[in-house]
Every structure is written in structure tokens, then in C-alpha cells.
Amino acid sequence: MYINVLKDIPDKLEEENFQSILSARSVRVERIVSHGHASPPSFWYDQDEAEWVLLLKGAAVLEFEGEAEALRLAPGDHVDIPAHRRHRVASTAPDEPTVWLAVFYDGKQPLA
């Protein structure tokens, strides 16, 4: 299947848009589109899977539980988040879509 992850991006969204690109036994790839979205103030992601995320377009700020400083992401920035590393999206660009490529994988297995 062919898909260009930077095409057909919605301009305005009530909620974040999640699109499955690939799903296999131990890996899942999604395109996520945000537009001024953020996690609710007391919400933390605590996932069973590890997540590698690449910011393709826009801007975002991630917060990690126990960390004093937030992580600001610009296009081309990526971060690997271990399973059960509590994190949240503090903000995404309000004036343009933010496009993420997220790869979820079994963090217990070595990547090599």
C-alpha cells in the first residue's frame, strides 16, 4: 500500500486524527495529526509498548513525569519513549497541523 503521510492532512480537527499505516506482530506505525491539541491536564500516557516518534511537520511539547523541563520538538526531531515511561503532550502548534509518525514496538525485545 502506498501512502504519503504529508498529504490529505485535515485543516481543522475537533480531536487528534490517528491513521494506521502498518501493523505487524510486534510493531505498529501510525500517522497522528494534531492541531492545537494537548493531553488533558492530569492525563499521562502509560503504554505497554515502547514508542518511537518523529515530528514531521508543526511543533509539539512533550512532558515526562518527574522531569522538570519539557521537550520541545520541531520538524525532524524524534524521541524514543520506553514502555511505561509516563508522558503527555503539553501542546501542539495552534496555527498549523502537527504531523507525527509514531512507531509502537515491543520494548522488551532488542532492536538490533
Side-chain angles (χ1 to χ4, degrees):
M1 174 173 83
Y2 169 80
I3 182 171
N4 183 320
V5 296
L6 295 177
K7 291 204 178 198
D8 300 322
I9 297 171
D11 287 333
K12 300 286 183 194
L13 296 168
E14 290 292 321
E15 297 180 3
E16 285 183 301
N17 178 268
F18 298 85
Q19 180 182 13
S20 179
I21 294 174
L22 172 80
S23 186
R25 187 175 349 172
S26 62
V27 69
R28 180 169 43 95
V29 180
E30 291 182 350
R31 177 183 83 168
I32 304 168
V33 180
S34 310
H35 199 152
H37 295 95
S39 301
S42 61
F43 175 82
W44 293 93
Y45 287 100
D46 186 351
Q47 302 164 165
D48 291 334
E49 303 164 296
E51 178 183 5
W52 178 82
V53 64
L54 169 65
L55 194 78
L56 298 173
K57 179 180 172 94
V61 178
L62 296 179
E63 294 176 340
F64 292 88
E65 188 176 54
E67 296 286 329
E69 193 167 323
L71 179 62
R72 298 185 178 283
L73 299 175
D77 290 340
H78 62 92
V79 61
D80 189 33
I81 305 168
H84 297 292
R85 178 69 169 108
R86 290 170 55 96
H87 64 285
R88 60 185 306 280
V89 178
S91 65
T92 59
D95 54 348
E96 67 175 314
T98 295
V99 181
W100 316 73
L101 185 66
V103 179
F104 300 89
Y105 64 95
D106 179 356
K108 297 177 194 108
Q109 300 295 322
L111 291 178

Residues which pass side-chain contact (heavy atoms from CB on, under 4.5 Å) with V29, listed by chain and number, not counting sequence neighbours =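 V29: side-chain contact (heavy atoms from CB on, under 4.5 Å) contacts with I21, L22, L101, V103.
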key: Partners passing side-chain contact (heavy atoms from CB on, under 4.5 Å) against E49 (at least two apart in sequence or in another chain)   =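 side-chain contact (heavy atoms from CB on, under 4.5 Å) check on E49 returns R28, F104.
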[atom1] of [X] to [atom2] of [Y]: how many Å apart, nearest 0.5 Å?
X: W100; Y: N17; atom1: CH2; atom2: CG; answer: 14.0 Å
X: I32; Y: Q19; atom1: CD1; atom2: CD; answer: 11.0 Å
X: E51; Y: E30; atom1: CD; atom2: CD; answer: 8.0 Å

ask   = Taking only residues two or more places apart in sequence, or in another chain, which ones meet H78 in a ring pair (Phe, Tyr, Trp, His ring centres under 6.0 Å)?
value =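 Per chain and number, H78 pairs via ring pair (Phe, Tyr, Trp, His ring centres under 6.0 Å) with W52.
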inquiry  = Going by the rule ring pair (Phe, Tyr, Trp, His ring centres under 6.0 Å), which residues pair with F43 if we only count those two or more places apart in sequence or in a different chain?
reply    =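 Partners of F43 by the ring pair (Phe, Tyr, Trp, His ring centres under 6.0 Å) criterion, ordered by chain and then number, come out as Y45.
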Extract all donor-acceptor atom pairs below 3.5 Å that involve side chains of residues 90-97 and protein atoms in other chains or at least two apart in sequence.
residue	atom	partner	partner atom	Å
T92	OG1	G36	N	3.1
T92	OG1	H37	N	2.8
T92	OG1	H37	O	2.9

message = Is there a path of hydrophobic side-chain contacts, each under 4.5 Å between heavy atoms, that joins L56 and L13?
response =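 Yes, L56 and L13 fall within the same hydrophobic cluster.
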query = Under 4.5 Å between any side-chain heavy atoms of L71 and F64, yes or no?
reply =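 L71 reaches F64 side chain to side chain.
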key: 4.5 Å side-chain heavy-atom contact, L73 and L62   =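 In short, these two side chains touch, coming nearer than 4.5 Å.
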[X] to [Y] - nearest heavy-atom pair and separation:
X: P10; Y: R31; value: CD-NH2, 4.5 Å
X: V33; Y: I9; value: CG1-CG2, 3.8 Å
X: T98; Y: G58; value: OG1-CA, 3.8 Å

key: Residue pair E16 / S34, side-chain donor-acceptor N/O under 3.5 Å   =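 Per modelled atom types, E16 and S34 side chains form a pair under 3.5 Å.
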message = What verdict does the side-chain contact (heavy atoms from CB on, under 4.5 Å) test give for L55 and V53, after you've listed the backbone C-alpha separation in whole Å, the side-chain angles of each residue and the deciding distance to 0.1 Å?
response = CA-CA 7 Å; L55 194 78; V53 64; over 6 Å; no
key: With D48 via side chain to side chain donor-acceptor pair (under 3.5 Å) - residues at least two apart   =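 Checked D48 against side chain to side chain donor-acceptor pair (under 3.5 Å); matches are H84.
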ask   = Around atom CG of D8, are there more than 12 heavy atoms of other residues, nucleotides or ligands at under 6.0 Å?
value =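 Incorrect, the count does not exceed 12.
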key: S39 side chain to V89 backbone, donor-acceptor under 3.5 Å   =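 A pair under 3.5 Å: yes.
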query = What side-chain hydrogen bond (donor to acceptor under 3.5 Å, both in side chains) pairs are there with at least one residue in residues 63-76, not counting sequence neighbours?
reply =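 Residue pairs passing side-chain hydrogen bond (donor to acceptor under 3.5 Å, both in side chains), neighbours aside: E63-R88, E65-R86, E67-R85.
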